Asks: 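I am attaching a structure below and will ask some questions about it afterwards.
Note that the structure is a prediction, hence the values are computed from the model and not measured. Numbers here simply count residues along the sequence, with the first being 1.
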Amino acid sequence: MKVCVYTLGCKVNTYESEYILLKLTEAGYEIGEVDEICDIYIINTCTVTNTADIKSRKIIKRFRRLNPKACLVALGCFVEDHPDEDLDIDIYIGNKDKSKIVELLDQYFVNKEPIRRVGLAKDKFEDMFITDFKNRCRAFVKIQDGCENFCSYCVIPYVRGKCRSKELKTVIKEIETLVSKGFKEIVLTGIHTGNYGVDLNTNFATLLREIVKIKGLERLRISSIEIRELTPEVLDVIKNNKVIVNHLHVPLQAGSDKILNLMNRKYDLAYFENKLEEIRTIRPDISLTTDIIVGFPGETDQDFRETIETAKKFRFSKIHVFPYSERKKTKAMELDGHLDNSIKKARARELLLVSKELELCYAKKFLNQNLEVLFEEIKDGISIGHASNYLKVKVKGEIKPNTICLVKVKTYLNDSLIGEIICQR
């Protein structure tokens, strides 16, 4: 039978879908594409915002129209948050039992009865281990699941459950396996990545110290990390190991102490700023990107102006901007001062313009500099890749994907650095 797997949302979902594809392939299923008529469609859903919910519903309905007789499987965060929604699904799987997809499909085709496996994982990390990452030059490794921060705007703790970590030895073996397959860059992913090990009597710094010892690993990237988890021990590993890339994504979420408090974030602006300066002391040219939510309940125009000024002061190299999205179960729903969508959208547009200015300012630092670039794709005779600092780099000519080259940067155009190859490594 032919099966299509469609992924929405975060890098954790991408990793989980890769594992599902691996298991389906091992079980003899033929892997189809999104526009093909398949016997089975599996949608790995997201519910982090209202937009994510809309996309999840849209994709589910699209596949049902594409083949009304297909077995339709919806799994993940949207399913966990909307377990009773009637969407003509044959198999519901929340955020546990994704690893059992093959046996659940077998069960369905024997009994021809709907299956519902919704309910949070309690204590144990649902172990997944991948040996390849198809059609990618960087491989994701999921090291952790769950979150217990309970930020007032976020539904994820309610759909992902408590923090659970993959055994350290298993993480190391998985990365070693991927490196042996030729992957030069590994990306550590999790729902609360920097909280790794809280349930295993270890911590993120210890994990990093072991990973950087792996022979053949050329780049290690951390998908996202909270500012309070950049401990002296973690920063020491970053300082002394160039295999860790020159980029950190550190969510700020608001540039106002008042709004940070309402969000139940665990720091203030002074703490955040001091930590950024610590990071820049050990990595002067590091790229520091962030997330900011605009239009949070109670956010006045003055609060938003403070966020604009904070973003500029902190000198982020890119800002991922999100208009506040109402989520049931969250404390933010109970707050006064919810704003019209028109205000949220206008503030998002303004902050995105600031992000573009900051991106340009950071990128210009590297004009006439040499950067090592991991090339990932070729389009119309142009090779495209990313430097360690995650700036996109383009050069003329066809460089084989998964090749690292030293590039002389000449100019910046359309969100990319343009350069010339000096040599190949």
Asks: Determine whether a donor-acceptor pair (N or O, by modelled atom type, separation under 3.5 Å) exists between the side chain of Ser383 and the backbone of Gly397.
Replies: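 Flag set: sc Ser383 to bb Gly397 pair under 3.5 Å.
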Asks: Is there a side-chain contact between Val79 and Val159, using heavy atoms and a 4.5 Å cut-off?
Replies: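 They are not in contact (no side-chain heavy atoms under 4.5 Å apart), so the answer is no.
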Asks: Taking Lys184 for its side chain and Asn402 for its backbone only, find out whether a donor-acceptor pair lies under 3.5 Å.
Replies: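 Present.
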Asks: Checking the side chain of Glu148 only, and the main-chain atoms of Cys163 only, is there a donor and an acceptor separated by less than 3.5 Å?
Replies: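 At least one qualifying donor-acceptor pair exists.
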Asks: Are any side-chain N or O atoms of Thr170 and backbone N or O atoms of Lys166, one a donor and one an acceptor, separated by less than 3.5 Å?
Replies: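 Looks like no, no N/O pair under 3.5 Å.
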Asks: Taking CD in Gln302 as the centre, count heavy atoms belonging to other residues, nucleotides or ligands within less than 6.0 Å. Is the count above 12?
Replies: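 Incorrect, the count does not exceed 12.
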Asks: Under 6.0 Å from the NZ atom of Lys365, do we count more than 12 heavy atoms belonging to anything else shown?
Replies: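 Above 12, so yes.
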Asks: With a 3.5 Å cut-off and no angle check, do the side chains of Thr49 and Ser325 form a donor-acceptor pair?
Replies: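 Side chains of Thr49 and Ser325: no pair found under 3.5 Å.
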Asks: Looking at side-chain heavy atoms only, is the closest gap between Leu105 and Val73 below 4.5 Å?
Replies: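 Of all side-chain heavy-atom pairs linking Val73 with Leu105, at least one is under 4.5 Å.
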Asks: Locate the shortest heavy-atom distance separating Ser56 from Cys46; write the atom from each residue and the value.
Replies: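 Shortest heavy-atom contact: OG-O, 3.0 Å.
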Asks: Verify, without hydrogens or angle tests, whether Glu299 (side chain) and Val294 (backbone) share a donor-acceptor contact under 3.5 angstrom.
Replies: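 No: the side chain of Glu299 does not pair with the backbone of Val294.
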Asks: I would like to know whether His192 and Gln144 meet side chain to side chain donor-acceptor pair (under 3.5 Å); could you show each step before the answer?
Replies: CA-CA 7 Å; His192 188 175; Gln144 181 274 343; 5.3 Å; no
Asks: Salt bridge or not for Asp340 and Lys344, using N-O below 4.0 Å?
Replies: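 No salt bridge links Asp340 with Lys344.
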Asks: Can you tell me if Arg283 uses its side chain to pair, donor with acceptor, with the backbone of Val245 under 3.5 Å?
Replies: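 Indeed, once roles are kept as given, a pair shorter than 3.5 Å links the two residues.
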Asks: Where does the angle between the aromatic ring planes of Phe314 and Phe316 fall among parallel (under 30°), tilted (30 to 60°) and perpendicular (over 60°)?
Replies: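 If you compare the ring of Phe314 with that of Phe316, the planes turn out perpendicular.
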Asks: Do the side chain of Asp291 and the main chain of Val250 share a donor and acceptor less than 3.5 angstrom apart?
Replies: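 Side chain of Asp291 to backbone of Val250, a donor-acceptor pair under 3.5 Å: no, none is there.
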Asks: Within the 4.5 Å heavy-atom criterion, are Pro157 and Phe150 side-chain neighbours or not?
Replies: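 Yes, side chains in contact.
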Asks: Are the side chains of Val243 and Glu218 in contact, using a 4.5 Å heavy-atom criterion?
Replies: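 A side-chain contact under 4.5 Å is absent here.
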Asks: Of all the heavy-atom pairs spanning Ala387 and Leu371, show the shortest one and how long it is.
Replies: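 Looking at all heavy atoms of both residues, the shortest contact is CB-CD1, 4.1 Å.
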Asks: I want to know whether Phe133 and Phe140 have ring centres closer than 6.0 Å.
Replies: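 Yes, they do, as the ring centres are separated by less than 6.0 Å.
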Asks: So for atom NZ, which belongs to Lys313, do other residues, nucleotides or ligands contribute more than 12 heavy atoms lying within a distance under 6.0 Å?
Replies: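 Counting other residues, nucleotides and ligands, NZ of Lys313 stays at 12 neighbours or fewer.
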Asks: Under 4.5 Å between any side-chain heavy atoms of Ser165 and Leu200, yes or no?
Replies: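 Heavy-atom side-chain distance check passes, below 4.5 Å.
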Asks: Using a 4.5 Å cut-off on heavy atoms from C-beta on, say whether the side chain of Val354 contacts that of Lys312.
Replies: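 The answer is yes; the side chains approach within 4.5 Å.
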Asks: So, Ser224 and His249: side-chain donor and acceptor under 3.5 Å apart, yes or no?
Replies: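 No - no donor-acceptor pair under 3.5 Å links their side chains.
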Asks: Is a side-chain donor or acceptor of Glu174 paired with a backbone partner of Ile130 at a separation under 3.5 angstrom?
Replies: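 Side chain of Glu174 to backbone of Ile130: a pair is present.
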Asks: Report yes or no: does Tyr15 contribute a side-chain atom to a donor-acceptor pair with the main-chain N or O of Met128 at less than 3.5 Å?
Replies: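 Yes: the side chain of Tyr15 pairs with the backbone of Met128.
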Asks: Under a 4.0 Å N-O cut-off, is there an ion pair linking Lys275 with Glu278?
Replies: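 Salt bridge flag = yes for Glu278 with Lys275.
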Asks: Which residue pairs pass the salt bridge (charged side-chain N to carboxylate O under 4.0 Å, His left out) test when at least one of the two sits in residues 388-407, sequence neighbours left out?
Replies: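 Counting only pairs at least two positions apart or across chains, no salt bridge (charged side-chain N to carboxylate O under 4.0 Å, His left out) contact touches residues 388-407.
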Asks: Please tell me whether Phe204 and Tyr196 form a close aromatic pair, meaning their ring centres lie under 6.0 Å apart.
Replies: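 Centroid separation for Phe204 and Tyr196: 6.0 Å or greater.
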Asks: Which heavy atom in Thr290 sits nearest to a heavy atom in Leu252, and how many Å separate them?
Replies: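 Nearest pair, atom of Thr290 first, then Leu252: OG1-N, 2.8 Å.
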Asks: Salt-bridge test for Lys408 and Glu372: reply yes if a basic N is under 4.0 Å from a carboxylate O, no otherwise.
Replies: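 No, this pair does not count.
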Asks: State whether Glu16 and Lys142 are salt-bridged, where the test is any N-O pair (Lys NZ or Arg NE/NH1/NH2 against Asp/Glu carboxylate O) under 4.0 Å.
Replies: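 Salt bridge present between Glu16 and Lys142.
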Asks: Answer whether the closest heavy-atom distance between the side chains of Leu178 and Thr131 falls below 4.5 Å.
Replies: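 Leu178 does not reach Thr131 side chain to side chain.
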Asks: Under 4.0 Å between a Lys/Arg side-chain N and an Asp/Glu carboxylate O for Lys96 and Glu126?
Replies: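 No, no charged N to carboxylate O under 4.0 Å.
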Asks: Do Asn44 and Ser17 have a side chain donor and acceptor closer than 3.5 Å?
Replies: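 Asn44 vs Ser17: donor-acceptor pair found between side chains.
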Asks: Distance alone, cut at 3.5 Å: any donor-acceptor contact between the side chains of Glu359 and Ser355?
Replies: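 Note: Glu359 and Ser355 side chains meet the donor-acceptor criterion.
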Asks: Grab the two heavy atoms, one from Val237 and one from Ile244, that are nearest each other, plus how far apart they are.
Replies: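 Shortest heavy-atom separation between Val237 and Ile244 comes out as CG1-CD1, 3.8 Å.
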Asks: Looking only at the aromatic ring of each residue, does the gap between the centers of Tyr153 and Tyr324 stay below 6.0 angstrom?
Replies: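 Centroid separation for Tyr324 and Tyr153: 6.0 Å or greater.
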Asks: Between the side chains of Arg265 and Glu226, is the shortest nitrogen-to-carboxylate-oxygen separation below 4.0 Å, so that they form an ion pair?
Replies: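 Salt bridge flag = yes for Arg265 with Glu226.
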Asks: Would the number of heavy atoms belonging to other residues, nucleotides or ligands and lying under 6.0 Å from CG of Asp301 be above 12?
Replies: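 Atom CG in Asp301 is packed in, count exceeds 12.
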Asks: Between Lys328 and Val155, is any pair of side-chain heavy atoms under 4.5 Å apart?
Replies: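 The answer is no, as the side chains (C-beta and beyond) never meet within the 4.5 Å cut-off.
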Asks: Taking Glu33's backbone N and O only, do any of them form a donor-acceptor pair with Glu36's side chain (distance below 3.5 Å, no angle check)?
Replies: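 Side chain of Glu36 to backbone of Glu33: a pair is present.
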Asks: So which heavy atom on Cys137 is nearest to which on Phe183, and how close?
Replies: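 Answer, listing the atom of Cys137 first, then Phe183: O-CD2, 3.7 Å.
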Asks: Side chains of Asp257 and Asn261 only: does a donor on one sit below 3.5 Å from an acceptor on the other?
Replies: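 The answer is no; no qualifying pair exists.
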Asks: If you compare all heavy atoms of Tyr92 against all heavy atoms of Leu87, which two are closest, and at what distance to 0.1 Å?
Replies: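 Taking Tyr92 first and Leu87 second, the nearest heavy atoms are OH-N, 3.8 Å.
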Asks: Please confirm whether the ring centroid of Phe366 lies under 6.0 Å from the ring centroid of Tyr412.
Replies: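 No, ring centres 6.0 Å or more apart.
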Asks: With a 4.0 Å cut-off on N to O distance, would you call Asp88 and Arg64 a salt bridge?
Replies: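 The answer is yes: the pair qualifies as a salt bridge.
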Asks: Taking the basic N atoms (NZ, or NE/NH1/NH2) and the acidic carboxylate oxygens, is any pair closer than 4.0 Å for Lys134 and Glu18?
Replies: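 The answer is no: the pair does not qualify as a salt bridge.
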Asks: One thing to verify: whether Lys100 and Asp97 come together as a salt bridge, which I'm taking to mean a side-chain N less than 4.0 angstrom from a carboxylate O.
Replies: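 Counted as a salt bridge, because a side-chain N and a carboxylate O are separated by less than 4.0 Å.
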Asks: Do Glu376 and Arg136 sit within salt-bridge range, that is, some charged N less than 4.0 Å from a carboxylate O?
Replies: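 The answer is no: the pair does not qualify as a salt bridge.
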Asks: Can we say Asp81 and Lys329 salt-bridge, meaning some charged N sits less than 4.0 Å from an Asp/Glu carboxylate O?
Replies: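 The answer is yes: the pair qualifies as a salt bridge.
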Asks: If the threshold is 4.0 Å, N to carboxylate O, is there a salt bridge linking Arg280 and Asp285?
Replies: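 Salt bridge flag = no for Asp285 with Arg280.
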Asks: Got a salt bridge between Asp90 and Arg116, using NZ or NE/NH1/NH2 to carboxylate O under 4.0 Å?
Replies: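 No, Asp90 and Arg116 are not salt-bridged.
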